[in-house]
Amino acid sequence: MADRGEELYRQRLSKLDRLRAQGIDPYPPRFHRTHTVEEALALFTRTEASGRTSRRRVTVAGRVVGLRGMGKASFADIRDGTGKIQLYIRSGDLPPDQAAVLRELDTGDTLGARGTLFKTRTGEITVRAESLTLLAKSLRPLPEKWHGLTNIETRFRQRYLDLLSNEGVRRIFTARSKMISSMRRFMDSRGFVEVETPMLLPIAAGAMARPFVTHHQALDRDLYMRIATELHLKRLIVGGMDKVYEIGRIFRNEGIDTKHNPEFTTMESYEAYADYNDVMAMVEEMMAFIAQEVMETRVASYGKHAIDFTPPWPRVTVRDAIRDKSGIDIGDPRYSDIEALRADIAGTGLKVAGLSPAQLFDKLLSNFVEPTIIQPTFLIDHPVEMSPLAKRKVDDPRYVERFEGFAGGMEIANAFTELNDPVDQRLRFEEQERFRLEYGDEEVDRLDEDYLLAMEYGMPPTGGLGLGIDRLVMLLTNQQSIREVILFPQLRSIEKLPPAE
RNA sequence: GAGCCGUUAGCUCAGCGGUAGAGCACCGGACUUUUAAUCCGGGUGUCGGGGGUUCGAAUCCCCCACGGCUCACCA
């Protein structure tokens, strides 16, 4: 970056020199303001309303985002985290030793100002500055004030510029923060205990995904970044922590697109003596609660749609949904031979060569069903092959007690009545390992002996939940790309190539 | 991983085979209630990188990098 904007950069460096020559520290260590911008504006409004004529004195600070010189007077707009206020600066009002501050001032600088509040002829609340303190000189120009910063790559690579110039971006991340707080309040109020479990693991299990590999030098062994928090949370259920949840980052070594980032945030919860019906009811309530608290409505605008989170959400079995949308009944006895199912799916034009049974079911769901689900809906009772950690249905062991919550065409929740039969669990993991060998499916779940050991001590009947927070934020802030709701989304690094010979 | 589109000044963009442009920003000057301040003067550039075609390339062709969209994989 140092080779760009060289001219502007040099100009500002020489301003630093001139300031220091005047005895002004362009980066002083501290500055105490008496009011935030928001507080200063409120103070004036209150004073004015009470009919008092005395002018209130404030000290405010912020980044200079606008500068209008008028000869011996200047107007500067400064912005802090709470808002924007105008300064009216008459050079004659300033102490002589501050003349250089005004003379060398640029947009982008951080400035402190003391002065009295008044309203200009055009009705804007303004601080008439008696004293200016330069707090941090900026050496780089801000993005253009009118069009702002729109280049998507720059917005993500230099997110601070995006946040400075695009008001809506700040709102998205404020909403994200509020949603997570709101979710915590909801879980805490129901007696859940928030916990933290390891991110570096000897085996990446608990979900179907390809993991990142890393290496521990002292142990001299490879470790994996977690792909889910599931298995550790269930160990805590075994240990008698009956209601636990974790909000945290997980990592999946897969493609990047508008709905996927390699690291993303989930909330997983496990509740002893609950089943998937209880969890479904909790998810409905939680989503409506968060939407109401953060957006002050249960109906979110998403693209052309209005998504209504009000409970109860429709419940549709996976079998019915697939049959209605694709005409294929995965419960047909003919499909006990998986090749018959493969042939029929191929008949719809989808590519199915080499796919495992779980991948075939997923293909049907993701192509025929998921994109059509706009309003919040629970798809329930998945085939056992897709769900190695879920308990089988008592009346039909080909299916499990599982649900996925969909809205806006995206999966946002995945939950089941947890499998607590250690013998069946071992068989399921072994079946997954067979799928891995037979179909080369790197994304099947992995056998985790340490987890099986925990199960063998006995886990009570438990309802578990995984919820994608990034996608939830997308839905509630009306964003079509996951990169818009992650402050620093993954991008390729720019590597400078040496000049060709 | 594949296809399509894009990359020009600090920012937002035009130019698409014949001397590199505009607005904002920036620099110099005028201006004591402006607010996209205004007025006068100034263009600050490896046209993403490399190679090729051509008398001549920002412009046409090829390769590469990065980004966006669609698809594939996934949540």
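In the text below, chain A, chain B and the rest are named by the order of the sequence lines, each starting its count at 1.
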- Quote, to the nearest angstrom, the P distance that separates B:rA58 from B:rU53. 16 Å
- Base, sugar-phosphate, or nothing: which does A:Leu491 touch, judged by heavy atoms less than 4.0 Å apart? sugar-phosphate
- Task: Round to a whole Å and report the spacing from CG of A:Leu350 to C1' of B:rC71.
- Result: 13 Å
- Message: Taking only the C1' atom of each, what is the distance from B:rU70 to B:rG17 in whole angstrom?
- Response: 33 Å
- Message: Can you see whether A:Glu246 engages A:Thr197 through a side-chain donor-acceptor pair at a distance of less than 3.5 angstrom?
- Response: yes
- Query: Taking atom P in both B:rC5 and B:rC60, what distance in whole Å separates the two?
  - Reply: 12 Å
- Integer angstrom distance from the C1' of B:rG21 to that of B:rU59: 15 Å
- Rounded to whole angstrom, note down the C1' distance from B:rG68 over to B:rA36. 29 Å
- Item | Pair A:Arg434 + A:Glu438, salt bridge at N-O below 4.0 Å | no
- C1' gap between B:rG10 and B:rG45, integer Å: 12 Å
- Residue whose nearest RNA chain B nucleotide is more 5′ - A:Asp257 or A:Phe156: A:Phe156
- Return yes if a side-chain donor-acceptor contact under 3.5 Å exists between A:Ser131 and A:Gln98, otherwise no. yes
- Item | Pair of N/O donor and acceptor under 3.5 Å linking B:rU34 base with A:Gln86 side chain | yes
- Query: In whole angstrom, what separates A:Arg155's CZ from B:rG68's P?
  - Reply: 10 Å
Please list, for nucleotides 26-28 of chain B, all pairs of protein and nucleotide N/O atoms separated by less than 3.5 Å.
from: B:rC26; atom 1: O2'; to: A:Gln11; atom 2: OE1; distance (Å): 2.4
from: B:rC26; atom 1: O2'; to: A:Gln11; atom 2: NE2; distance (Å): 3.4
from: B:rC27; atom 1: OP1; to: A:Lys15; atom 2: NZ; distance (Å): 2.9

- Query: Once the angle between the rings of A:Trp313 and A:Phe378 is folded into 0 to 90°, is it parallel (under 30°), tilted (30 to 60°) or perpendicular (over 60°)?
  - Reply: parallel
- Over how many whole Å does the gap from A:Gln480 atom CD to B:rC69 atom C1' extend? 13 Å
- Task: Select base, sugar-phosphate, or nothing to describe what A:Glu404 touches, counting heavy atoms under 4.0 Å on all strands.
- Result: nothing
Tell me which donor-acceptor pairs under 3.5 Å the side chains of residues 405-415 of chain A have, and how far apart each pair is, sequence neighbours excluded?
from: A:Asn414; atom 1: OD1; to: A:Arg402; atom 2: NE; distance (Å): 2.9
from: A:Asn414; atom 1: OD1; to: A:Arg402; atom 2: NH2; distance (Å): 3.2

- Query: Just checking A:Ser165: base, sugar-phosphate only, or nothing, at a heavy-atom cut-off of under 4.0 Å?
  - Reply: nothing
- Item | Separation of the P atoms in B:rC73 and B:rU54, to the nearest angstrom | 46 Å
- Message: Output the rounded distance in Å from CD (A:Glu153) to C1' (B:rG6).
- Response: 11 Å
- Between B:rC39 and B:rU46 - C1' atom distance, rounded Å: 36 Å
- Message: What I want to check is whether an N or O donor and acceptor connect the side chain of A:Arg68 with the base of B:rU34 at under 3.5 Å.
- Response: yes
- salt bridge (charged side-chain N to carboxylate O under 4.0 Å, His left out) with A:Lys234: which of A:Glu268, A:Glu418, A:Glu271? A:Glu418
N/O contacts under 3.5 Å, protein versus nucleotides 13-16 of chain B?
none

- Query: Given B:rG67, is OP1 or OP2 found less than 4.0 Å from the side-chain N or O atoms of A:Arg492?
  - Reply: yes
- Query: Do any side-chain nitrogens or oxygens of A:Lys145 fall under 4.0 Å of OP1 or OP2 in B:rA25?
  - Reply: yes
- Quickly work out the A:Leu102 CG to B:rU32 C1' distance and round it to whole Å. 12 Å
- Query: Across the strands shown, which category fits A:Arg483 at heavy-atom distances under 4.0 angstrom: base, sugar-phosphate, nothing?
  - Reply: sugar-phosphate
- Message: Just to be sure I understand the rule, does A:Asp93 reach a base, reach only the sugar-phosphate, or reach nothing, if contact means heavy atoms closer than 4.0 Å?
- Response: nothing
- Query: Is there a salt bridge (Lys or Arg N to Asp or Glu O under 4.0 Å) between A:Arg114 and A:Glu130 once you walk through the steps?
  - Reply: CA-CA 6 Å; A:Arg114 184 169 57 86; A:Glu130 299 160 353; 3.3 Å; yes
- Query: For B:rA2, which nucleotide is its Watson-Crick or G-U wobble mate, given both distances must be under 3.5 Å?
  - Reply: B:rU70
- Sugar-phosphate, base or nothing in reach of A:Met208, heavy atoms under 4.0 Å: sugar-phosphate
- Query: Side-chain donor-acceptor pair under 3.5 Å between A:Thr82 and A:Glu38, yes or no?
  - Reply: no
- Base of B:rA37 and ring of A:Phe75 stacked, centres under 5.5 Å, planes under 30°: no
- By nearest-nucleotide position on RNA chain B, the 5'-leaning member of A:Glu263 and A:Gly69 is A:Gly69
- Do the charged groups of A:Lys84 and A:Glu124 touch, with an N to O distance under 4.0 Å? no
